[in-house]
Each structure stands twice: as structure tokens, then as C-alpha cells.
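Written below as C-alpha cells is the structure these notes are about.
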Amino acid sequence: MVIPAHNEAAYLPRYLPTVLASLERWQGTSGERGEVIVVDNASTDATTDMAASFGVRVISETVRNIGRVRNTGAAAAHGRRLFFTDADVALPMEAITAAATAMDGGAVGGAIPPLYTPKRLGARLLCAYWDHYRDTRGGAQGVAQFATAVAFQEIGGYRDDLFMSEDVEFFHRLATHGRSVNAPVVILDELRVRPSTRRYDQWSSLRMLWWQNPVTARLRLSSPRMWRHWYQSTVR
């Protein structure tokens, strides 16, 4: 389990317990052991200490690029299965068990869809649009993606030259790889992860629409300047 974290000291106590509970459920039924790796991404708060207080492994990645952070966590992992989520995402109890079962059954990887519940109508409509977009195009967000370690290595992990949409691009390559080796990529549609809606609730709907529309989502993805506000202005 790899969790990127930038200044998440306040959010880890809310969400990390759901990860640990899901991991414990899988360990209890499988007889195997897993690990949680929190990758502290240049935090200026107590993220490292907070994560360590839960008994998880904490490593550091100073470069502010989400693909690089996930790759750093994957490189430190010892298991044959990789599960990626974010520090502000609540996992259902069955998440890790279902992902591991899918990979043990022959899947090269997959994802669990998110369920966003923002307060404002405009934000809810935007989330509904992206749900439809992913459903019709077979994409998946990085809030809950998983892959076998072999498949992850074979496709080269996440692209660290992208500052946005790296998760969608990764999942596309994972699915392409799956087809090439005649192995499925699965969407565990019977489950949902619950990401924080802090950005939807604190940013205006117009601002979210600017950052999360199909045009902007493809605009200068390799430009740190273009996406600096998304990285530097994360609400807490």
C-alpha cells in the first residue's frame, strides 16, 4: 500500500485507520502480511511523525510530482501486489481483499471507483460528469489503483514528467499491457472509496470547473508552472 502525503498531518488520523483496517481484514483472511508506505512529499508540517505514530513505514520524496512520489513508494515496497491510494481517501473494509483476490485470479491490476459527496450542487454535477466520463471510457482515478509488481515494472510505473492526469495515463497503459498478455484489468464496481471533498467544498465551482474539465485536463500536462496552483494551493 503506497500513500503519497504532502502536509497531511491533519487528515491522516481520519483516513489512515481505514487503510489499516482494510489491510488487517485481508491479512486475517489470507494469512499473508502487507505493509503501508506513506511517502512524505516535502511536507512542512508533522506528516512524518503523524504517519509514524500509526506504525506505518514512512519514506521521503522531495520532488513535488505525484507520479514520482508513487514510483518512489513502489520502489520501496517488498510485496508482489501494489495498491495506491491518497492520504485523504477512506477505503471500505473489503478494498484490499478484493484487489488482492482480483490479482491472484489473474488480473494485472485495476481500480476501485471513488464516491465524492461535495456540498454544492455545481461540484456534485462536476463529479457526476467525471463518473460518466470514466464509465464510458474505461478510465480510473489514482485515488485507488492497484497492479501486480511485475506489471507495474513492465510498464514503467507512473510517468513522472506529467503533473496532472498521470493516473489516467497509467491506467491506460496498464490496460493495454493487460490485453497484450491476455490478462484483465478490473474495475471493482461493487465497491467505492470515499475521497475527501475538501477542494470541492473550499474552492468555487467555477474554479474547480476550470481545473477539472476535459480541455484543461489535457493542457500542458508536463508543465509544472501550469499546474503549480494545483500543487501549491492544496486546501487543508
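When the side chain to side chain contact (heavy atoms under 4.5 Å, CB included) test is applied to Arg68, the partners found at least two apart in sequence or on another chain are Glu61, Val63, Asn65, Thr72, Asp160.
Around the CZ atom of Arg192, the shell of radius 6.0 Å holds more than 12 heavy atoms that belong to other residues, nucleotides or ligands. In the displayed structure, Asn182 atom CG is contacted under 6.0 Å by at most 12 heavy atoms of other residues, nucleotides or ligands. Within 6.0 Å of atom CD in Glu35, more than 12 heavy atoms from other residues, nucleotides or ligands are found, so the atom counts as buried in its surroundings.
In this structure, the separation between CD on Glu94 and OG1 on Thr29 is 10.5 Å, given to the nearest 0.5 Å. Distance CG/Leu16 to CG/Asp88: 12.0 Å, rounded to 0.5 Å. Taking OG1 from Thr97 and CG from Leu23, the interatomic distance works out to 9.0 Å, rounded to the nearest 0.5 Å. Of the inter-residue distances, the one linking Glu190 atom CD with Ile112 atom CD1 reads 8.0 Å to the nearest 0.5 angstrom. Atom CD1 of Ile37 is separated from atom CZ of Phe84 by 9.5 Å, given to the nearest 0.5 angstrom. Going from atom CE of Met50 over to atom OG1 of Thr48 covers 11.5 Å, rounded to the nearest 0.5 Å.
Of all the heavy atoms in Val89 and Thr18, the pair that sits closest is O-OG1, 3.9 Å. The two residues Gly110 and Val185 come nearest to each other via the heavy atoms CA-CG1, 3.9 Å. Residues Ala102 and Phe146 share a closest heavy-atom pair of CB-CE1, 4.4 Å. Asn7 approaches Ser43 most closely through the heavy-atom pair N-OG, 2.8 Å. The two residues Trp26 and Gly34 have their closest heavy-atom pair at CZ3-N, 3.7 Å. Pairing each heavy atom of Ala87 with each of Ala5, the nearest pair is CB-CB, 4.2 Å.
Using a 4.5 Å heavy-atom cutoff, the side chains of Pro184 and Val108 are not in contact. Residues Pro113 and Asp189 are in side-chain contact: their nearest non-hydrogen atoms beyond the backbone lie under 4.5 Å apart. Considering only heavy atoms from C-beta on, Ile66 comes within 4.5 Å of Glu166 through its side chain.
No option in Arg64, Glu8, His6 other than Arg64 meets the side-chain hydrogen bond (donor to acceptor under 3.5 Å, both in side chains) test with Asn41.
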Evaluate the side chain to side chain donor-acceptor pair (under 3.5 Å) criterion for residues Arg25 and Ser22: first the C-alpha distance (whole Å), next the side-chain angles of each, then the deciding distance (0.1 Å), finally the verdict.
CA-CA 5 Å; Arg25 167 70 65 87; Ser22 184; over 6 Å; no
Evaluate side-chain contact (heavy atoms from CB on, under 4.5 Å) for Gln145 paired with Arg70, printing each intermediate quantity in order.
CA-CA 11 Å; Gln145 293 181 336; Arg70 292 193 179 114; 5.5 Å; no
Please step through side-chain contact (heavy atoms from CB on, under 4.5 Å) for the pair Val193 and Thr85, ending with a clear verdict.
CA-CA 9 Å; Val193 298; Thr85 190; 5.7 Å; no
Apply side-chain contact (heavy atoms from CB on, under 4.5 Å) to the pair Val19 and Phe54, showing each step before the final yes or no.
CA-CA 11 Å; Val19 174; Phe54 285 91; over 6 Å; no
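Using a distance-only test at 3.5 Å, with no hydrogens or angles considered, a donor-acceptor pair links the side chain of Asp45 to the main chain of Thr47.
In this pair, Tyr158 and Phe170 present their aromatic rings parallel. The plane angle is below 30°, not in the 30 to 60° band.
Ion pairing between a basic and an acidic side chain is recognised when a charged N comes within 4.0 Å of a carboxylate O; Arg81 and Asp104 show such pairing.
A continuous path of ILVMFWY side-chain contacts below 4.5 Å connects Val181 to Leu174, so both sit in one hydrophobic cluster.
For Thr176 and Arg173, the side-chain atoms include no donor-acceptor pair closer than 3.5 Å.
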